[in-house]
Amino acid sequence: MSEEQWCLSRETLRDQCLKLQEFRTKVASWYCSHGRDFPWRHADTSYQRVIGELLLQRTRARVVAGFYLDFLAEYPSWESLSRANEKDLQGLLRNVGLWRRRARSLIDLASAVMDTGGQLPDTRAELEKLPGIGQYMASAVLVLCYGEREPLLDVNMARVLERVFGPRQRADIRYDPYLQDLARSVVQVDNAVEANWAVLDLAAGICTIAHPKCHECPLVCLCSFASQAT
DNA sequence: AATTCGGGGTC
DNA sequence: GACCCAGAATT
């Protein structure tokens, strides 16, 4: 590698690092004044946090906000959920979609948790053995319940990251090392939970899939997508 | 890698 | 009326 090439690649790496830091600080600052508030963000048990994430799968946050507290009132613990009547649970989820599969999945997970002492494991390998816990949910449990700096890398966070930092390598987000590493580095901060929420809120309110509000976006000067969109 | 689950919101 | 949503299991 010539000295010129070396300088170029070194410069590019430094730029990427600076871009990452700028991304973090600008999103965090935006979040302070524009962040959303949801009941599950005030959850005070692991159970409540995990239920929030499970209900949010393929379901809009505002819809979940409408019945999340009712769900917790009806099923306040792993123990009560494991003993739930499947038909009753289906009825509670009926107007949310995925109701049959989700009712079964919730009961199965609660039963599995009760079988292992009523507590969730704290490693990815053990978490992903549980029914209904995949790559995303394992990360969610690690960051929300155990304070590890893991990303809530869903389709929305992926969209923001790809617009700013470039496209993924694989079709499936969960097995794309580029996106996974990028997302993980984004949340290497003191409060990883809020860092995750900040990106998700930006994705939901500004960096939307259709008609993104680039003129309101704190990342507009970092983002290659913004310049080509209006 | 592609399909399935799913009602409701959004355009 | 098509498309999408804080995914995971199945094929």
Side-chain angles (χ1 to χ4, degrees), chain A residues 27 31 35-43 46-68 70-72 86-87 89-113 120 124-145 148 150-162 168-176 179-180 183-184 186-187 192-213 229-230:
Chain A
V27 174
Y31 174 75
R36 298 178 295 176
D37 189 26
F38 292 115
W40 50 87
R41 294 188 177 181
H42 303 286
S46 291
Y47 171 76
Q48 295 171 357
R49 297 188 182 103
V50 173
I51 291 300
E53 292 301 320
L54 289 171
L55 297 179
L56 283 162
Q57 289 179 2
R58 306 295 297 167
T59 310
R60 291 174 193 281
R62 213 170 52 222
V63 175
V64 177
F67 73 103
Y68 174 72
D70 293 334
F71 185 100
L72 290 183
E86 189 166 355
K87 291 294 180 189
L89 186 50
Q90 286 180 356
L92 192 53
L93 302 170
R94 182 87 52 165
N95 55 358
V96 183
L98 302 175
W99 48 277
R100 241 182 328 231
R101 177 174 298 196
R102 187 135 49 179
R104 187 66 261 162
S105 172
L106 284 165
I107 294 174
D108 288 346
L109 176 60
S111 302
V113 172
L120 287 163
R124 173 177 300 279
E126 291 299 315
L127 284 166
E128 290 188 358
K129 288 180 186 172
L130 293 172
I133 303 291
Q135 196 276 338
Y136 173 92
M137 278 300 305
S139 293
V141 172
L142 290 174
V143 66
L144 296 176
C145 303
E148 295 191 25
E150 289 288 310
L152 298 176
L153 178 56
D154 67 334
V155 290
N156 299 299
M157 183 180 292
R159 180 176 60 254
V160 176
L161 295 180
E162 291 187 86
R168 69 186 73 176
Q169 298 168 344
R170 305 210 186 159
D172 195 325
I173 294 167
R174 293 171 292 181
Y175 307 113
D176 186 316
L179 275 183
Q180 291 291 338
R184 188 164 288 104
V186 164
V187 299
V193 174
E194 288 201 354
N196 273 295
W197 289 341
V199 179
L200 291 177
D201 289 355
L202 187 76
I206 304 291
C207 195
T208 50
I209 183 164
H211 313 299
K213 300 174 182 170
T230 27

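Keep in mind the model is a prediction, meaning the values are calculated, not measured. We name chains A, B, ... by the order of the sequence lines, and we start the count at 1 in each one.
- Comparing the P positions of C/dA8 and B/dG8 gives an interatomic distance of 24 Å, to the nearest angstrom.
- Partners of A/His211 by side-chain hydrogen bond (donor to acceptor under 3.5 Å, both in side chains), not counting sequence neighbours: none found.
- Looking at which nucleotide of DNA chain C each of A/Glu53 and A/Glu128 is closest to, the 5′-most match is held by A/Glu53.
- Looking at residues 90-99 of chain A, you'll see A/Arg94, A/Asn95, A/Val96, A/Gly97, A/Leu98, A/Trp99 sit with a heavy atom under 4.0 Å from some atom of DNA chain B.
- As judged by a 4.0 angstrom heavy-atom cut-off over every strand, A/Leu200 is placed among the base-contacting residues.
- Using a 4.0 Å heavy-atom cutoff across all strands shown, A/Arg100 reaches sugar-phosphate atoms only and no base atom.
- For A/Gln180, the side-chain hydrogen bond (donor to acceptor under 3.5 Å, both in side chains) partners are A/Gln135, not counting sequence neighbours.
- Remark: A/Leu98 CG to A/Leu54 CG distance equals 12.0 Å, nearest 0.5 Å.
- Looking at residues two or more places apart in sequence or on another chain, you find a side-chain contact (heavy atoms from CB on, under 4.5 Å) between A/Arg159 and A/Asn156, A/Arg163, A/Ala203, A/Ile209.
- A/Leu56 has its CG atom 15 Å from the C1' atom of B/dG9, to the nearest Å.
- Mapping heavy-atom proximity under 4.0 Å, the span of DNA chain C touched by chain A runs 5' to 3' from C/dC4 to C/dA9.
- Mapping A/Leu130 and A/Arg36 onto DNA chain C by nearest heavy atom places A/Arg36 at the nucleotide closer to the 5' end.
- Across residues 136-145 of chain A, A/Tyr136, A/Met137 each have a non-hydrogen atom less than 4.0 Å from an atom of DNA chain C (numbered order).
- On the C1' atoms, C/dC4 is 16 Å away from B/dT4, given to the nearest whole Å.
- For A/Glu162, the salt bridge (charged side-chain N to carboxylate O under 4.0 Å, His left out) test picks out A/Arg168, with sequence neighbours left out.
- Residue contacts for A/Arg41: at a heavy-atom cut-off of 4.0 Å it reaches a base atom on one of the strands shown.
- Atom CZ of A/Arg102 is separated from atom C1' of B/dG7 by 10 Å (rounded to the nearest Å).
- A/Glu126 is linked by a side-chain contact (heavy atoms from CB on, under 4.5 Å) to A/Pro121, A/Thr123, A/Lys129, counting only residues two or more places apart in sequence or in another chain.
- With sequence neighbours excluded, the residues satisfying salt bridge (charged side-chain N to carboxylate O under 4.0 Å, His left out) with A/Asp201 are A/Arg36, A/Arg41.
- The distance between atom CG of A/Asn156 and atom P of B/dT10, rounded to the nearest whole Å, is 15 Å.
- Remark: A/Arg94 engages no residue in a salt bridge (charged side-chain N to carboxylate O under 4.0 Å, His left out) (not counting sequence neighbours).
- Counting non-hydrogen atoms under 4.0 angstrom, A/Arg170 reaches nothing in the nucleic acid.
- Residue A/Leu55 is classed as having no contact, given no heavy-atom separation below 4.0 Å to the nucleic acid.
- Between A/Phe67 and A/Phe71, the ring-plane angle classifies as perpendicular under the 30° and 60° cut-offs.
- Under the rule for a side-chain contact (heavy atoms from CB on, under 4.5 Å), the partners of A/Thr59 that lie at least two apart in sequence or sit in another chain are A/Val63, A/Val64, A/Val96, A/Arg102.
- Applying the salt bridge (charged side-chain N to carboxylate O under 4.0 Å, His left out) criterion to A/Glu148, with sequence neighbours excluded, gives no partner residue.
- Of the charged side-chain nitrogens involved, at least one lies within less than 4.0 Å of a carboxylate oxygen, so that A/Asp172 and A/Arg174 count as a salt-bridged pair.
- Nearest-nucleotide mapping onto DNA chain B: of A/Arg174 and A/Arg62, the residue sitting toward the 5' end is A/Arg174.
- The separation of B/dG6 from C/dG1, taken at their P atoms, amounts to 23 Å, rounded to a whole angstrom.
- Comparing A/Asp172 and A/Arg58 along DNA chain B, the residue whose closest nucleotide (by nearest heavy atom) sits nearer the 5' end is A/Asp172.
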